[in-house]
Trainee: 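The structure follows.
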Amino acid sequence: MLMEIVALSGACSAAIDSGRLEDWPGFFLDRCLYKVTTADNYEKGYEAGLIYADSRAMLEDRIAALREANIYERQRYRHIVGMPSIVGEADGLVAVETSFLVVRTMRDGEMMIFAAGVYLDKVRRDAAGAWRYAERIVVCDSQRFDTLLAIPL
Amino acid sequence: MLMEIVALSGACSAAIDSGRLEDWPGFFLDRCLYKVTTADNYEKGYEAGLIYADSRAMLEDRIAALREANIYERQRYRHIVGMPSIVGEADGLVAVETSFLVVRTMRDGEMMIFAAGVYLDKVRRDAAGAWRYAERIVVCDSQRFDTLLAIPL
Amino acid sequence: MLMEIVALSGACSAAIDSGRLEDWPGFFLDRCLYKVTTADNYEKGYEAGLIYADSRAMLEDRIAALREANIYERQRYRHIVGMPSIVGEADGLVAVETSFLVVRTMRDGEMMIFAAGVYLDKVRRDAAGAWRYAERIVVCDSQRFDTLLAIPL
Amino acid sequence: MDQSVREPPSGVWPAGLTRVPYWVYRDPDVARDEQGRIFEGPSWHYLCLEIDVPEVGDFRTTSMGAMPVVVARAEDGAIVAFENRCAHRGSLICLDDGGKVKDFQCVYHAWRYDLRGNLTSIAFRRGVNGQGGMPDDFRMEAHGPRKLRTTVLCGLVFGTLAADGPDLESTIGPEVLVRLKRVLHKKVEVIGRFTQHMPCNWKLYMENVRDTYHASLLHTFFTTFRITRLSQGGGVMVGENGVAHASTTLAAAKGPDDSYAGMRADNQGFRLRDPSFMEAVSEFNDSINLQILSVFPGFILQQIHNALAVRQIVPRGVDSMDLHWTYLGFADDTPALRAMRLKQGNLAGPAGFVSMEDGAVGGFVQRGIAAADQEASVVEMGGATADSAATRATEASVRGFWKAWRAGMGV
Amino acid sequence: MDQSVREPPSGVWPAGLTRVPYWVYRDPDVARDEQGRIFEGPSWHYLCLEIDVPEVGDFRTTSMGAMPVVVARAEDGAIVAFENRCAHRGSLICLDDGGKVKDFQCVYHAWRYDLRGNLTSIAFRRGVNGQGGMPDDFRMEAHGPRKLRTTVLCGLVFGTLAADGPDLESTIGPEVLVRLKRVLHKKVEVIGRFTQHMPCNWKLYMENVRDTYHASLLHTFFTTFRITRLSQGGGVMVGENGVAHASTTLAAAKGPDDSYAGMRADNQGFRLRDPSFMEAVSEFNDSINLQILSVFPGFILQQIHNALAVRQIVPRGVDSMDLHWTYLGFADDTPALRAMRLKQGNLAGPAGFVSMEDGAVGGFVQRGIAAADQEASVVEMGGATADSAATRATEASVRGFWKAWRAGMGV
Amino acid sequence: MDQSVREPPSGVWPAGLTRVPYWVYRDPDVARDEQGRIFEGPSWHYLCLEIDVPEVGDFRTTSMGAMPVVVARAEDGAIVAFENRCAHRGSLICLDDGGKVKDFQCVYHAWRYDLRGNLTSIAFRRGVNGQGGMPDDFRMEAHGPRKLRTTVLCGLVFGTLAADGPDLESTIGPEVLVRLKRVLHKKVEVIGRFTQHMPCNWKLYMENVRDTYHASLLHTFFTTFRITRLSQGGGVMVGENGVAHASTTLAAAKGPDDSYAGMRADNQGFRLRDPSFMEAVSEFNDSINLQILSVFPGFILQQIHNALAVRQIVPRGVDSMDLHWTYLGFADDTPALRAMRLKQGNLAGPAGFVSMEDGAVGGFVQRGIAAADQEASVVEMGGATADSAATRATEASVRGFWKAWRAGMGV
Ligand code: FES
Ligand code: FES
Ligand code: FES
Ligand SMILES: [Fe+3]
Ligand SMILES: [Fe+3]
Ligand SMILES: [Fe+3]
């Protein structure tokens, strides 16, 4: 199971890093929670996120907005993720934590550590038996975000 | 065995990154060696370390000092560790090398590559059969440390 | 097989990071392709690379030049590589993609993210049955390289 | 670029309010003078929320430009503020974002301060065994961090180093004050805090906030979903002194609107698969979709549907700044309304559908003007004055910003 | 180090061309003046390749020093260029490296420009419902980004802000022009693009390019494989005005050559296991192994065997620069010749066997002179003049660089 | 912050030694002047250990402020030093921390220097086939890197650019010299080297080193374990000229000590589970627990129990510095004593229980004074003079630092 979850996490990152953003929502269940927040907010119990979606359709809308509506300079992410650790399991829902680092590269070649933190995930098998995210809380270590957060983490 | 050692290394990093510092000494044997040094020092055979502990109690003392005595600004680490490679094994003592990268995030959100290098570990099973560190030499690639080294690497 | 390829990729990185550059060409087949390029070049179909070698002998020549001919300041790399993902397989040739991050540390202790990107590899077993690189295209996310690229990525 | 610019700031300012010379965004000497004349000057600066320091001994750290500041709740319940700098040898007195204390103790040599920043004790003041210590004539009351004058308005804490001068309400002016009170009419609650770093001079961001002309042209999402279009009702208010502004947009008429025909911003092809988060709840008993309000130099209050936030600008060098976002709800939010605010968080903020561009466009200007110290921007939309208007197709509020800036800088 | 230096640049320049005071590489004020006097001055600057903008509406972004520039192919097929700065409030007009457009539209407020950079429309110029909008007397033709004068030579696009002045060919001069045409004698094709950041002042790199003395001493590979040695035939040409230079090396004689005896650079012990990539194809009907050509301030054309490239220098602050490499082939390359170019890519570029040191040595100087603002470099190899010579054992071309620089700076 | 400060440094210095205006830590012009007047001035600067260059041809690179320096052992066994800058065009002559050579050869054009830094050969000085080369009248002896005057004291190598002036011993003065010889009384051995980057002006760190008042108040560990308390015996010595200082702490009396009652630093609740590393071995035949010694501007010698180290300060810009730690043992250490030194390494250094705070507190001040260029620190503990004292409850040594600094700067 662990290696299957490693594969899920890897495929999800690869879709983003290689620019196949349209593939990204497919790693989530129809009903899901995707939230980007920070360690300080998480610890204080502040509920708001930079991105907050409670359906896969909202994730699809975000990708559509990035393609059709929003203006941002050409950039790439590179995810380096650690080995997931399974921290809980109950009736098919598996809780997983995975450290991550995202390096952002801008059009002009400038690279920076854009985000580091931990994914607090809940995964389960979908109807077809594939592992999917029921919940992904992206807890960034830093309160500060450079310029803007367009591409999801 | 490899995956068990991966789990040990991951659990050790997670304890530090999530602020559960009190859990960290528990990954070491009572008699152990924990040293933070650099590649230049290591190659020249200089014995001193920034941190040098030859008992788990000394590791517990360091955590206690960080909690009760030392002054340093709020900060977090994020460990990203590579896949361990087993480089030797003799009567239950397994030698392992693992590349690591630590991103430090300060209270104000500033992130930096705080350390990168390799863990030179010796692990063995404790009485209870759990893998523990008999030795962890943290060999940092850089001679330079920013501001201070409070939280262990 | 995946874990064997993980081991190959880890051993290749470790040879570079620990300064055993002479060991590095040994991870390639006699006839091979090693190229360092960037995402923009790759996407535009520009064929040239910063490094372009179509034989292991050329890789050996590059290491020899770094040792005997070229002048560059003392520096180290630290590779942090993700979990490889197998993207194809045909008559013994396995296509693998692996995200990577390289932190460069200079003599004076300065660390930077020197490169991030993805390895597009083709591996097969050599006569002795060991996995070797038939092809390694190093696709860096950034167009910009700091100072020089001496040590291979 | 850390090099100073060709022209000295002084004496080259064009007449009127319709031209802004680009060196004003690039010259380190201008940034230095702004610290003295504006951030340490007579302006009122947003410091924190009143609820950040609810009880005696609660404190929060913040800043006025480059100056570190402590805000605390004193024994008598008053909210006070002082420079976060020890009177001894200058260390920060407080090292965290906030907390609760009995008094303040500097970590370096343990000098102590009461909650108002008064120096109350000096470690080993009398020395040891009669040796060392401070001179007998050393008067603690003559030493201490600089104190701020503070005021609380609608739960917002503002401060200034100016011992006297107009109060905050009259500085803001009656018209904008009404707009402020409209939103902050009851107790708020923090639901999130984020910092956004922007690669531009702080003035470029504040101009953007006050720029009612750009929103529907830069932010496709605004236009496409008719959150704000120049063709919708509303307008912009600018205080007499230019210090405060408020812009409003009324809900859109349903009918067709071809005023954006052919523009990038009008993307009729774009539809939402889950439009639930656009179902705004009317909570202010009016038809105002969106209200953006600012107080010079660095305070912003946002209402976009049910997404509420305050933003604080902190310059970091001449070509860089931090924007501190505090996302708000009301203490008495129903679960349904709170849930809606969380979803509408997608609209604003560093990742907001209608605001992410604002994080980048300041940098586009900073890079665009990299060689333009001899050139000036053109701020003529809606004329040459900084008066309130019944349209947002104007840069009146931007001109108002420069009216306030020039008064502060004496330019 | 962002601090300015001890001596003011003016008035302390040593007589003649043989001494260069080190503050010239360190003083931010010098960098600022260079932007005005050289990069925005009368010099001709390489912008891009003609093939980067093959069709009407194609554009490419580039820069002249710190100034962002757009190059475009206009309706009439002319290649034009203008500052990449919106006439309204200064945003970059183009946000990508290149592309194809009908016209240009600024993202901030949707002001539009034709392919020549003429302002053609202003969003809501007439306001909305008769409110707002631009003043009736606003003349669009009086506003727009600064236009460049452009010229195309051998498929290279150059530009300058100087409305008049000598054309590019006469600036380069007949002798070097022949060298330029020798290489770029037919249609080229881009085979790779890379950027190399260098931790040094831009002038240190350009000196390095024009320094015919260093190659065989710094680059062991050159010497060992006799690609270029000072003892091989060839020489250096320097234009009368110092602006352009070209250096050439003829194929080596086979016999022994002990002129490098005892020097690090002569490493007879070093052999290649796969020398195939050294089997250069003669493609210019002459015996020139290697030709390096430059045009002040920032253009370089390289031919090393079959490795062809143009390089563009872009300063980034006083102690840092970017070098933009464009690796070239000819459109009619045979597969075999193209394959050889790919292999010979190992010679030059940021990882090149004979060029990687050039990425580092500028930094060695920048650090070596960190405390030497009162000192000067010694540029006397080959005498005191900047004349063409039949040897490369000279710094004549470096002196030529300073002749051109001082003319530009009026020093 | 790269902006210069409000007041010009000159003419605004307060009378006496008890006030230090904060612009002195922030003004890039001050940093620039310090390089010329102090680091390239008459002061003596620690360069390296004598054992770093034991044999002829051994060299080590170091720096005096921003100036790169080479230290070498010459043929005659003398230790010499010179600027690490080639006389030709300024490249670093040495590119590594140290090594062993026959002579020095610059990588750029292979100019050679003997071990004393004398220029001895110029590649192709006579050109090739009678063409090129250096002018016949070029005199190598007239060119070369700047030479330092060096001296060795107790195995420490110091250097200065001042050709004459007082020798090191008299500069340090007899009282502190005794303290220096007390520790370095026999051959040392390097057991570790580390660099600590600090986000503060270099003077804030040197003040901290000389600040006998802070140790037991900032460093809880010191106080709790009675390594140093102001109530323990000892004192501080300050040279007449303020250049050198030494502070000592005697072993604590066993009895109760309530002098820290109620202070954060006195944490009686804190106990060690493995106190073995606190069992210091008395090795200097006295009861001195701890001795800290410094020589203006950048040398520190530390003895904390058996933890010995030298530290070198290297400024890096106005708000940043590197501290180079060399951990020492004696060549004749017993295994047991060496083992104790390794354990006591936990006390000092970037991770030291009693020193880690010193890495941060300079930054706390740098940030605390970000807007305080008009303010000054208060340095009155122990009076207004810079005299030796029998207590550490004084800032006499800090005042001594400023006496030396102002003499060097002519302020
Ligand atoms: S600096 Fe605050 S007590 Fe000394
Ligand atoms: S800045 Fe370009 S349209 Fe306003
Ligand atoms: S710079 Fe050293 S030899 Fe030319
Ligand atoms: Fe906006
Ligand atoms: Fe070269
Ligand atoms: Fe201390």
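Chain letters run A, B, ... following the sequence lines, proteins first, then strands; residues in each count from 1. This one's a predicted model, so the numbers in the text were calculated from it and none came from an experiment.
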Trainee: Pick from D:Gln105, D:Arg146, D:Met67: which one has the most heavy-atom pairs with chain F under 4.5 Å?
Mentor: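 It is D:Arg146.
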
Trainee: So that I can tick it off, tell me whether F:Asp211 and D:Arg89 are bridged by a salt bridge, with the cut-off set at under 4.0 angstrom between side-chain N and carboxylate O.
Mentor: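 Yes.
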
Trainee: For the candidates D:Gly127, D:Pro145, D:Pro135, which exhibits the highest count of non-hydrogen atom pairs separated by less than 4.5 Å from chain F?
Mentor: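 Top count of heavy-atom pairs under 4.5 Å with chain F: D:Pro135.
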
Trainee: Can you tell which part of D:Ile93 gets under 4.5 Å to a heavy atom of chain F, answering side chain, backbone, both or neither?
Mentor: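 For D:Ile93, neither part sits under 4.5 Å from chain F.
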
Trainee: Among F:Asn208, F:Leu204, F:Val20, who wins on heavy-atom pairs under 4.5 Å with chain D?
Mentor: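 Option with the top pair count is F:Asn208.
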
Trainee: Given that the side chain runs from C-beta out, which part of F:Val398 has a heavy atom under 4.5 Å from chain D: side chain, backbone, both or neither?
Mentor: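 Only the side chain of F:Val398 comes within 4.5 Å of chain D.
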
Trainee: Given heavy-atom pairs under 4.5 angstrom as the criterion, report whether the side chain, backbone, both or neither of F:Tyr213 touches chain D.
Mentor: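 It is both, since atoms from each part get that close.
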
Trainee: Between chain D and each of F:Ala389, F:Gly383, F:Ser259, count heavy-atom pairs under 4.5 Å; write down the option with the most.
Mentor: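 With the most close heavy-atom pairs to chain D, the winner is F:Ser259.
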
Trainee: Looking at F:Val379, F:Val361, F:Thr394, which makes the most heavy-atom pairs under 4.5 Å with chain D?
Mentor: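 Among F:Val379, F:Val361, F:Thr394, the one with the most close pairs to chain D is F:Val361.
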
Trainee: So what's closer than 4.5 Å to chain F heavy atoms on D:Cys106: side chain, backbone, both or neither?
Mentor: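 For D:Cys106, there is no contact with chain F at all, as no heavy atom is under 4.5 Å.
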
Trainee: Assess the pair D:Phe124 and F:Tyr260: is the distance between their ring centroids shorter than 6.0 Å?
Mentor: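 Yes.
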
Trainee: Is chain D contacted by the side chain of F:Gln366, its backbone, both, or neither, given a heavy-atom distance below 4.5 Å?
Mentor: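 Answer is neither: F:Gln366 stays 4.5 Å or more from chain D.
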
Trainee: Quick one: which of D:Ala123, D:Ala110, D:Ala87, D:Ser63 has the most heavy-atom pairs under 4.5 Å with chain F, could you say?
Mentor: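 Heavy-atom pair counts peak at D:Ala123.
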
Trainee: Tell me which one of F:Glu395, F:Glu380, F:Met381 satisfies side-chain contact (heavy atoms from CB on, under 4.5 Å) with D:His88.
Mentor: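 Of F:Glu395, F:Glu380, F:Met381, side-chain contact (heavy atoms from CB on, under 4.5 Å) with D:His88 is met by F:Glu395 alone.
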
Trainee: Would you give the length of the straight line joining atom CG of F:Leu230 to atom CG of D:Asn129, rounded to the nearest 0.5 angstrom?
Mentor: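 Rounded to the nearest 0.5 Å, the CG-CG separation comes to 10.5 Å.
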
Trainee: Any side-chain heavy-atom pair from D:Val107 and F:Glu357 closer than 4.5 angstrom?
Mentor: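 No, their side chains stay 4.5 Å or more apart.
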
Trainee: Of the backbone (N, CA, C, O) and the side chain (C-beta and beyond), which part of F:Glu375 lies under 4.5 Å from a heavy atom of chain D, both, or neither?
Mentor: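 Side chain only.
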
Trainee: Contact part of F:Ala390 toward chain D, heavy-atom cut-off under 4.5 Å: side chain, backbone, both or neither?
Mentor: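 Both parts, backbone and side chain.
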
Trainee: To the nearest 0.5 Å, tell me how far D:Ser91 OG sits from F:Leu218 CG.
Mentor: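 Between atom OG of D:Ser91 and atom CG of F:Leu218 there are 8.5 Å.
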
Trainee: Are D:Tyr108 and F:Leu217 side-chain neighbours, meaning at least one heavy-atom pair lies under 4.5 Å?
Mentor: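 No, their side chains stay 4.5 Å or more apart.
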
Trainee: Taking all non-hydrogen atoms of both residues, which atom of D:Ala66 and which atom of F:Ala370 are closest, and how far apart?
Mentor: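 Minimum heavy-atom contact is O-CB, 3.4 Å.
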
Trainee: Where is the tightest heavy-atom contact between F:Ala393 and D:Val128, given as atom of each residue plus distance?
Mentor: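 Reported closest heavy-atom pair: CB-CG2, 4.2 Å.
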
Trainee: Heavy atoms, side chains only, cut-off 4.5 Å: are D:His143 and F:Val378 in contact?
Mentor: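 SC-SC contact between D:His143 and F:Val378 confirmed.
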
Trainee: Using non-hydrogen atoms and a 4.5 Å limit, figure out which bit of F:Arg229 sits close to chain D: side chain, backbone, both or neither.
Mentor: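 Interface part for F:Arg229: neither.
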
Trainee: With a 4.5 angstrom heavy-atom cut-off, could you sort out which part of D:Gln131 is near chain F: side chain, backbone, both or neither?
Mentor: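 Answer is both: backbone and side chain atoms of D:Gln131 are under 4.5 Å from chain F.
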
Trainee: Which heavy atom of F:Ala371 sits nearest to which heavy atom of D:Glu40, and what is that distance?
Mentor: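 Smallest heavy-atom distance, with atoms named: CB-OE2, 3.2 Å.
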
